[in-house]
Amino acid sequence: MTFRFLHASDLHLGKPFGGYPEGIRNRLREARHAAIGRLAQAARQGGAQVVLLAGDSFDAETPAPDTLRQALRAMADEADIRWIMLPGNHDSLAATELWRRIATDGPANLQPLLDDNPVALAGDVWLLPAPCTQRRAGRDLTQAMDAATPEGVRRVGLGHGPVTDFDDGDGRAGIIPPDRAARSGLDYLALGDWHGQRQIGPATWYSGAPEADSFKHDGPAGALLVDLGGQVTAQPVPIGQFRWTRPHLDLLPGADTRAALTRALPTERARDHLVSVTAGGRLAMSDRAALDAALQAIAPDYGWFAADLSALQVEARPDDLDLIDRAGALRHAADTLLADMTDPQRSQADRDISAAALSRLYSFAQEVQA
């Protein structure tokens, strides 16, 4: 017996991305909608006709009418794919109006799971769902996966929430036991909530979001192609359009800052990358100015670009200050900033600010003199 399905979660359709400029916000929102079609295509290419959405298909309990309507129409357009949609913590069963609208307006190939009754995916494959009843249920809803199914069938659990061994600093207590698959006799446990792909046990996976939404998770965003034939396998399938990357530069005086930056940054499909550069070490003031110029020159290539150089120390010599000015107000400002950045009585944060300001003044002076 073989049966394949695509395990996906955390589409978060309608996510506003409020902290970003309007242009990239719109592109990120559209990419999440387009992920529906890419999921369908990945399922077909993998020989699957079912896509399990393990919660948080929508970012809010009250998505905008066009967000909901267009998502349902996109699923309807993929008529050969059976969509199974589980309520997550963002779109829990408490969102009664949302699920009423889905039931009323949803296509025939979309099946929302509004209770924890077992569902037949195929004659010998049964799904045991655990829909989120509210944003914080406060209990292990996956206990429902102990439910009986016909003798000899494959048992697939579908749930949403954190497991007890997550310890990544997000402050949430785990609810789902890591050994839920073994406890409930599951051949595979498909989970949502964690936005990066992660294997918890031999038969337990988080698929991650098909489109990344932060710099928190490394690796390409996607889904999992699950094959229940023989030994159960889960194969990662890249889905995401955008990549969120965090290159770090370790620099020393004399380093070719432009070459280091070029090596660290993605070069293909730059427009589809959101980049957050950090740097550490120390540089001469002229090298720091060259790095600032290189960052400013390359930033427009990317969908979104930011650089944090607060941990990068600057080595300033008297002849560097001469290149700013030999006397007058600019030289006085430069001397003051140099004294502040080397004053051990000042906090490191204040010294970093002074170093950054002196580097900016140096760069400005070079631009004026050029």
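Values below: every heavy atom of this structure, side chains too, minus hydrogens, waters and symmetry copies. One is the number of the first residue; the rest follow in order along the sequence.
Among residues two or more places apart in sequence or in another chain, the salt bridge (Lys or Arg N to Asp or Glu O under 4.0 Å) test is passed with R136 by none. For H12, the ring-ring contact (aromatic ring centres under 6.0 Å, His included) criterion is met by H90, H195, not counting sequence neighbours. Applying the ring-ring contact (aromatic ring centres under 6.0 Å, His included) criterion to W244, with sequence neighbours excluded, gives Y20, F215. Remark: D187 engages R154 in a salt bridge (Lys or Arg N to Asp or Glu O under 4.0 Å) (not counting sequence neighbours). In terms of the side chain to side chain donor-acceptor pair (under 3.5 Å) criterion, residue partners of R183 (sequence neighbours excluded) are, by chain and number, D179. Remark: T245 engages no residue in a side chain to side chain donor-acceptor pair (under 3.5 Å) (not counting sequence neighbours). When the ring-ring contact (aromatic ring centres under 6.0 Å, His included) test is applied to F5, the partners found at least two apart in sequence or on another chain are Y188. Residues satisfying the side chain to side chain contact (heavy atoms under 4.5 Å, CB included) criterion with P150, sequence neighbours excluded, are W126, V153. Contacts of S92 classified as side chain to side chain donor-acceptor pair (under 3.5 Å), with partners at least two apart in sequence or in another chain: E61.
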**Request:** Output, in order, the C-alpha distance, side-chain angles, deciding distance and verdict of side-chain contact (heavy atoms from CB on, under 4.5 Å) for L274 and R243.
**Result:** CA-CA 6 Å; L274 289 86; R243 289 293 303 271; over 6 Å; no

**Prompt:** Step by step, would you call L13 with L68 a side-chain contact (heavy atoms from CB on, under 4.5 Å)?
**Reply:** CA-CA 8 Å; L13 295 166; L68 175 58; over 6 Å; no

**Prompt:** Taking it one step at a time, do D59 and F17 satisfy side-chain contact (heavy atoms from CB on, under 4.5 Å)?
**Reply:** CA-CA 11 Å; D59 189 61; F17 294 100; over 6 Å; no

**Request:** Take T233 and L225, measure what side-chain contact (heavy atoms from CB on, under 4.5 Å) needs, and give me the verdict at the end.
**Result:** CA-CA 8 Å; T233 61; L225 180 64; over 6 Å; no

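Heavy atoms of other residues, nucleotides or ligands lying less than 6.0 angstrom from CD of E22 number 12 at most. Within a 6.0 Å radius of CD in Q49, no more than 12 heavy atoms belonging to other residues, nucleotides or ligands are found.
Considering every non-hydrogen atom in both I102 and P112, the closest pair reads CG2-CG, 4.2 Å. Between Q199 and G201, the shortest heavy-atom distance links the atoms NE2-O, 3.0 Å. Nearest heavy-atom pair across A223 and L39 is CB-CD2, 3.9 Å. Here the closest non-hydrogen pair linking L110 and M75 is CD1-SD, 4.0 Å. Across all non-hydrogen atoms, the minimal contact from C132 to L141 is CA-CD1, 3.7 Å. Counting all heavy atoms, side chain and backbone alike, P210 lies closest to A221 at O-CB, 3.6 Å.
In the hydrophobic cluster analysis, where Ile, Leu, Val, Met, Phe, Trp and Tyr join through side-chain heavy atoms closer than 4.5 angstrom, L53 is grouped together with L93. In the hydrophobic clustering of this structure, L114 does not group with L86; members are Ile, Leu, Val, Met, Phe, Trp, Tyr whose side-chain heavy atoms approach within less than 4.5 Å, directly or through other members. Cluster annotation: V163 is connected to W194 through the hydrophobic network of ILVMFWY side chains, with a link wherever side-chain heavy atoms come within less than 4.5 Å. By the rule that hydrophobic residues join a cluster once side-chain heavy atoms approach within less than 4.5 Å of another member, V119 and L52 end up as members of one cluster. In the hydrophobic clustering of this structure, V51 groups with I36; members are Ile, Leu, Val, Met, Phe, Trp, Tyr whose side-chain heavy atoms approach within less than 4.5 Å, directly or through other members.
Between Y206 and I200, the closest side-chain pair of non-hydrogen atoms falls below 4.5 Å. Contact annotation: the side chain of I175 never approaches that of R139 to less than 4.5 Å [non-hydrogen atoms, C-beta and beyond]. Put simply, the side chain of L6 does not reach to within 4.5 Å of the side chain of L224, judged on heavy atoms. Two residues are said to be in side-chain contact when any heavy atoms from C-beta on lie closer than 4.5 Å; D124 and F3 fail this criterion. Side chains of N117 and P129 form no contact here, defined as non-hydrogen atoms less than 4.5 Å apart. Within the 4.5 Å cutoff, side-chain heavy atoms of L128 are placed close to those of R155. L113 places none of its side-chain heavy atoms less than 4.5 Å from the side chain of D115. You'll find the side chain of L283 stays beyond 4.5 Å of the side chain of V314, heavy atoms only.
D146 and S184 form a side-chain donor-acceptor contact under 3.5 Å, judged by distance and modelled atom types alone. With hydrogens and angles left out, the side-chain atoms of D227 and T2 include a donor and acceptor closer than 3.5 Å.
The salt bridge (Lys or Arg N to Asp or Glu O under 4.0 Å) contacts involving residues 68-96 comprise R44-E78, R44-D80, R69-D105, R73-D105, where partners must be two or more places apart or lie in separate chains.
Under a 3.5 Å cut-off, the side chain of N89 and the backbone N or O of D56 do not form any donor-acceptor pair. Distance alone, capped at 3.5 Å, is enough to place a donor-acceptor pair between the R38 side chain and the I239 backbone. Checked by atom type and distance alone, the side chain of H7 pairs as donor or acceptor with a backbone atom of L191 at under 3.5 Å. Checking side-chain atoms of R32 against main-chain N and O of L11 turns up a donor-acceptor pair under 3.5 Å. For R198 (side chain) and S207 (main-chain N/O), no donor-acceptor pair under 3.5 Å exists by modelled atom type. Side-chain N or O atoms of R29 include one that pairs as donor or acceptor with a backbone N or O of P16 at under 3.5 Å. When atom types are taken as modelled, the side chain of E211 and the backbone of L28 share no donor-acceptor pair closer than 3.5 angstrom.
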Which pairs of donor and acceptor atoms, one on a side chain in residues 259-270, lie under 3.5 Å apart (sequence neighbours left out)?
residue, atom, partner, partner atom, Å
T262, OG1, R258, O, 2.9
R269, NE, D272, OD2, 3.4
R269, NH2, Q241, O, 2.5
R269, NH2, D272, OD2, 3.2

Exercise answer: donor-acceptor pairs, residues 304-312 side-chain atoms, under 3.5 Å, sequence neighbours excluded:
residue, atom, partner, partner atom, Å
D308, OD1, S310, N, 3.0
D308, OD1, S310, OG, 2.8

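From R288, atom CZ reaches atom CZ of R282 across 15.0 Å, with rounding to the nearest 0.5 Å. Rounded to the nearest 0.5 angstrom, M285 CE and D292 CG are separated by 11.0 Å. Rounded to the nearest 0.5 Å, atoms CZ (F58) and OG1 (T67) are 8.0 Å apart.
R246 and D218 are joined by a salt bridge, as a carboxylate oxygen and a charged side-chain nitrogen come within less than 4.0 angstrom of each other. The pair R27-E30 fails the salt-bridge criterion, with no side-chain N (NZ, NE, NH1 or NH2) lying under 4.0 Å from an Asp/Glu carboxylate O.
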